[in-house]
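Keep in mind that the numbers below use all heavy atoms, side chains included, and drop hydrogens, waters and symmetry copies.
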Amino acid sequence: MTARDILVDYLKSHGFDGLCHPPTECGCDLSDLIGRSFGAQQDCLAAHRISDDQGDPWYTIAFDHRPTEAEVRKYWEKARTEG
């Protein structure tokens with residue numbers, strides 16, 4: 001078993017979809033952990049996958065639970081008004 005396997009098992013068992021590196025807004029899915037763009041970051045955090053308005057995946061640490069569709073809509077509404 002590799003370190004990647006252990007990490008995937010942990011994330012799955014705790015309900016996460018991947019990792020997020022907030023300073024660079026980089027995120028990766030369980031199938032693509034430790035992505036090609038920035039490599040493994042020490043400060044990546046367990047994240048939930050949400051979709052943006054176009055349906056593209058984003059990985060966020062904004063929720064301590066799997067967000068509902070309503071929570072995701074509210075998240076993007078807030079981001080639009082603050083941005």
Side-chain angles (χ1 to χ4, degrees):
M1 181 174 268
T2 66
R4 184 187 175 287
D5 294 335
I6 294 167
L7 179 58
V8 168
D9 288 347
Y10 175 86
L11 292 170
K12 281 183 182 179
S13 71
H14 288 84
F16 292 103
D17 301 308
L19 295 174
C20 177
H21 186 248
T24 60
E25 296 185 0
C26 176
C28 55
D29 189 81
L30 294 176
S31 65
D32 188 32
L33 284 184
I34 309 173
R36 299 174 293 279
S37 299
F38 295 99
Q41 301 290 329
Q42 283 181 254
D43 48 353
C44 286
L45 301 172
H48 291 98
R49 181 180 55 231
I50 62 173
S51 295
D52 65 12
D53 294 339
Q54 289 76 40
D56 294 323
W58 281 72
Y59 295 87
T60 180
I61 60 166
F63 302 94
D64 62 358
H65 60 280
R66 182 162 307 285
T68 64
E69 287 184 38
E71 289 174 314
V72 171
R73 279 193 302 276
K74 186 175 179 180
Y75 173 87
W76 287 117
E77 288 170 13
K78 183 179 177 184
R80 278 192 294 277
T81 60
E82 292 177 353

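Counting heavy atoms from C-beta outward, Leu19 and Tyr59 have side chains that stay 4.5 Å or more apart. Thr60 has its side chain out of reach of Cys20: every pair of non-hydrogen atoms, C-beta onward, lies at least 4.5 Å apart.
With hydrogens and angles ignored, the 3.5 Å screen pairs no side-chain donor or acceptor of Arg49 with any backbone N or O of Asp29. The backbone N or O of Ala79 lies less than 3.5 Å from no partner atom in the side chain of Glu82, so there is not a single donor-acceptor pair.
Here the CG atom belonging to Leu11 is positioned 4.5 Å from the CG atom belonging to Leu7, to the nearest 0.5 angstrom. One distance of note links OG of Ser51 with CH2 of Trp58; it measures 11.5 Å at 0.5 Å rounding. Asp17 CG to Arg66 CZ: the interatomic distance, rounded to the nearest 0.5 Å, is 4.0 Å. Atom CG of Asp56 sits about 11.5 Å away from atom CD1 of Ile50, to the nearest 0.5 Å. Between Leu30 atom CG and Arg4 atom CZ the span is 8.0 Å, to the nearest 0.5 Å. How far NE2 of His14 is from OH of Tyr10: 4.0 Å, rounded to the nearest 0.5 Å.
In this pair, Phe63 and Tyr75 present their aromatic rings tilted. The plane angle is within the 30 to 60° band.
Residue Glu71 comes nearest to Thr68 through the heavy atom pair OE1-N, 2.8 Å, listed as atom of the first residue, atom of the second, then distance. Scanning all heavy atoms of the two residues, the minimum distance from Pro22 to Ile61 falls at CG-CD1, 3.6 Å.
Taking the six-membered ring wherever Trp is involved, the centroid distance between the rings of His48 and Phe16 falls below 6.0 Å.
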I would like to know whether Asp9 and Met1 meet side-chain contact (heavy atoms from CB on, under 4.5 Å); could you show each step before the answer? CA-CA 11 Å; Asp9 288 347; Met1 181 174 268; 3.5 Å; yes
